[in-house]
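Remarks on the structure that follows.
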Amino acid sequence: MGKSDFLSPKAIANRIKSKGLQKLRWYCQMCQKQCRDENGFKCHCMSESHQRQLLLASENPQQFMDYFSEEFRNDFLELLRRRFGTKRVHNNIVYNEYISHREHIHMNATQWETLTDFTKWLGREGLCKVDETPKGWYIQYIDRDPETIRRQQEQERKKKQDLDDEEKTAKFIEQQVRRGLEGKELEKPVYTELNRENEEEKVTFNLNKGASTSCAASSKTSSVLGPSALKMVEGTVKRKESAHSSGQPKEKKKKSALDEIMELEEEKKRTSRRDYWLQPEIIVKIVTKKLGEKYHKKKAVVKEVIDKYTAVVKVIDSGDKLKLDQTHLETVIPAPGTAVMVLNGGYRGNEGILESINEKRFSVTITIDSGPLKGRRVEDILYEDVSKLA
């Protein structure tokens with residue numbers, strides 16, 4: 001029977017199959033050959049080329065294993081650095097993306113038997129940060145590139161310099177305030193007894209200049225004009241005084257430098273956000289489906305926060321304790337009048353009472369009832385920045 005044509009359905013199917021991934025048990029790492037079925041793999045093992053490769057490997061098997069292990073490690077770390085950077089990611093996600101390449105080094109040719117052993121080895125060697133969760137092992141690449149380290153040092157130096165400038169400004173303001181209080185002497189009022197030397201003498205009070213001038217003008221005109229004309233002149237003088245007082249605009253109170261700095265600091269704190277929000281003793285909802293329907297959409301209380309991003313929660317219905325990442329949890333918005341805690345932003349960590357819910361803007365309004373900001377009303381706090389207290 002002749003060979004199938006190049007454009008025949010069978011030939012096209014064979015080419016499509018050869019491009020994709022095949023079963024690992026029919027792959028020969030020494031010859032780097034992928035067989036399609038068990039019979040093909042058996043024929044390959046009996047071939048002369050395979051026997052020659054085995055003879056070469058038997059002379060120094062450790063050298064070949066070290067070579068394959070080093071290639072696997074370098075390719076895996078390069079993919080982790082290029083694809084995920086320094087983000088925290090599940091090790092199985094990285095491995096699945098690594099083996100999607102047809103020419104990759106298989107793990108059965110390395111010194112590690114399982115992916116878990118390889119993950120633990122990365123943590124012991126200091127190449128990655130690894131941590132175990134109920135969902136499996138998570139890894140985070142540690143970038144030791146000299147350029148990256150230099151950039152991080154510059155950022156830390158700049159941050160420290162900004163903090164030093166803020167401390168210097170605060171100390172300068174404190175010295176100015178202390179100097180102003182020291183130079184100012186408090187004048188105490190002196191109270192004397194009212195004594196009249198002559199019983200017939202009249203007591204007069206000069207309240208302001210305008211009043212004294214009007215009194216003087218009225219006394220001069222009283223000798224010339226009659227009582228009715230005198231009343232008209234007094235009414236005209238009063239109208240002029242009222243118009244003069246109403247024409248002067250009220251001077252706005254100028255803010256001191258200390259007030260302006262405090263407002264800027266408060267605005268800076270209000271706009272600052274972080275990428276973690278977990279806090280103890282808040283109620284959250286489990287949104288991941290990987291734990292099964294038993295825990296999906298169930299409410300739990302955060303008992304402990306680990307490394308800012310992971311929490312130990314206790315399910316309210318069953319009492320089970322779980323260790324979950326913050327990506328598998330979401331906040332709980334209660335009814336108005338319930339105690340809540342702010343989880344992010346400038347008011348982070350403050351407890352308050354939920355006043356109202358704005359469904360159109362996905363935000364809430366609360367009144368803080370703890371700390372130095374007690375009684376302050378805060379509006380437009382996003383749903384994900386506030387949660388119910390346990």
Side-chain angles (χ1 to χ4, degrees), residues 14-149 290 307 310 325:
N14 289 338
R15 286 198 299 273
I16 292 175
K17 289 178 183 178
S18 64
K19 287 183 179 178
L21 295 175
Q22 305 293 327
K23 288 189 177 181
L24 181 60
R25 61 180 177 177
W26 297 331
Y27 181 80
C28 178
Q29 183 66 61
M30 286 299 303
C31 304
Q32 296 183 357
K33 179 176 177 60
Q34 175 69 59
C35 299
R36 199 170 300 171
D37 52 18
E38 187 174 358
N39 185 39
F41 184 69
K42 183 179 178 181
C43 294
H44 169 72
C45 292
M46 296 172 62
S47 65
E48 185 180 355
S49 61
H50 179 74
Q51 297 297 328
R52 285 199 302 267
Q53 290 291 337
L54 287 182
L55 289 175
L56 290 175
S58 61
E59 294 177 358
N60 194 352
Q62 190 63 36
Q63 180 182 357
F64 283 90
M65 183 175 290
D66 292 342
Y67 170 75
F68 290 134
S69 300
E70 185 178 359
E71 288 293 321
F72 178 82
R73 181 199 65 188
N74 293 338
D75 294 344
F76 189 90
L77 290 178
E78 179 64 22
L79 175 64
L80 178 63
R81 182 190 66 82
R82 186 180 66 252
R83 176 69 174 80
F84 300 97
T86 56
K87 294 181 181 178
R88 181 172 173 268
V89 63
H90 201 283
N91 61 350
N92 206 31
I93 295 176
V94 185
Y95 182 70
N96 287 335
E97 190 163 342
Y98 171 73
I99 64 176
S100 63
H101 182 56
R102 190 166 183 264
E103 303 297 331
H104 71 276
I105 303 294
H106 290 72
M107 186 173 284
N108 60 358
T110 65
Q111 63 183 8
W112 305 287
E113 295 182 358
T114 61
L115 181 60
T116 302
D117 294 340
F118 178 63
T119 304
K120 293 179 180 178
W121 183 86
L122 290 176
R124 287 194 300 268
E125 294 295 324
L127 299 174
C128 295
K129 294 180 181 178
V130 300
D131 60 312
E132 186 180 10
T133 64
K135 293 180 58 181
W137 287 86
Y138 281 82
I139 58 177
Q140 184 178 359
Y141 180 71
I142 300 176
D143 195 352
R144 301 187 185 278
D145 183 51
E147 183 66 22
T148 305
I149 295 174
K290 295 185 178 180
D307 296 334
T310 310
D325 190 80

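Keep in mind that this is a model prediction, so the values were computed, not measured. FYI, the numbering just counts along the sequence from 1.
You'll find the side chain of Y98 reaches within 4.5 Å of the side chain of I105, heavy atoms only. Here the side chains of K120 and V130 are not in contact, with every heavy-atom distance at 4.5 Å or above.
With sequence neighbours excluded, the residues that form a side-chain hydrogen bond (donor to acceptor under 3.5 Å, both in side chains) with E97 are R83. Partners of E78 according to the salt bridge (charged side-chain N to carboxylate O under 4.0 Å, His left out) rule, which considers only residues two or more places apart in sequence or in another chain, are R81, R82. Under the rule for a side-chain contact (heavy atoms from CB on, under 4.5 Å), the partners of T133 that lie at least two apart in sequence or sit in another chain are R88, D131, K135, Y138. Not counting sequence neighbours, the partners of D66 by the side-chain contact (heavy atoms from CB on, under 4.5 Å) test are Q62. Remark: N92 pairs with no residue by the side-chain hydrogen bond (donor to acceptor under 3.5 Å, both in side chains) rule, at least two apart or across chains. Partners of D143 under the side-chain hydrogen bond (donor to acceptor under 3.5 Å, both in side chains) rule, at least two apart in sequence or in another chain, are T148. By the side-chain contact (heavy atoms from CB on, under 4.5 Å) test, Q63 is found to be paired with N60, residues two or more places apart in sequence or in another chain being considered. By the salt bridge (charged side-chain N to carboxylate O under 4.0 Å, His left out) test, E48 is found to be paired with R52, residues two or more places apart in sequence or in another chain being considered. With sequence neighbours left out, the side-chain contact (heavy atoms from CB on, under 4.5 Å) criterion links C45 to F41, H50.
Distance CG/L77 to CD1/I142: 10.5 Å, rounded to 0.5 Å. Atom CD of E70 is separated from atom OG1 of T110 by 12.5 Å, given to the nearest 0.5 angstrom. Atoms CG and CG, on L80 and N91 in that order, are 10.0 Å from each other to the nearest 0.5 Å.
Sorted by first then second residue, the salt bridge (Lys or Arg N to Asp or Glu O under 4.0 Å) pairs that include residues 105-119, not counting sequence neighbours, number zero.
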Which pairs of donor and acceptor atoms, one on a side chain in residues 121-128, lie under 3.5 Å apart (sequence neighbours left out)?
none

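In terms of heavy-atom proximity, Q111 sits nearest to S69 at N-OG, 3.0 Å.
Between F118 and F72, the ring planes are perpendicular. Angles over 60° get that label, and only those under 30° would be called parallel.
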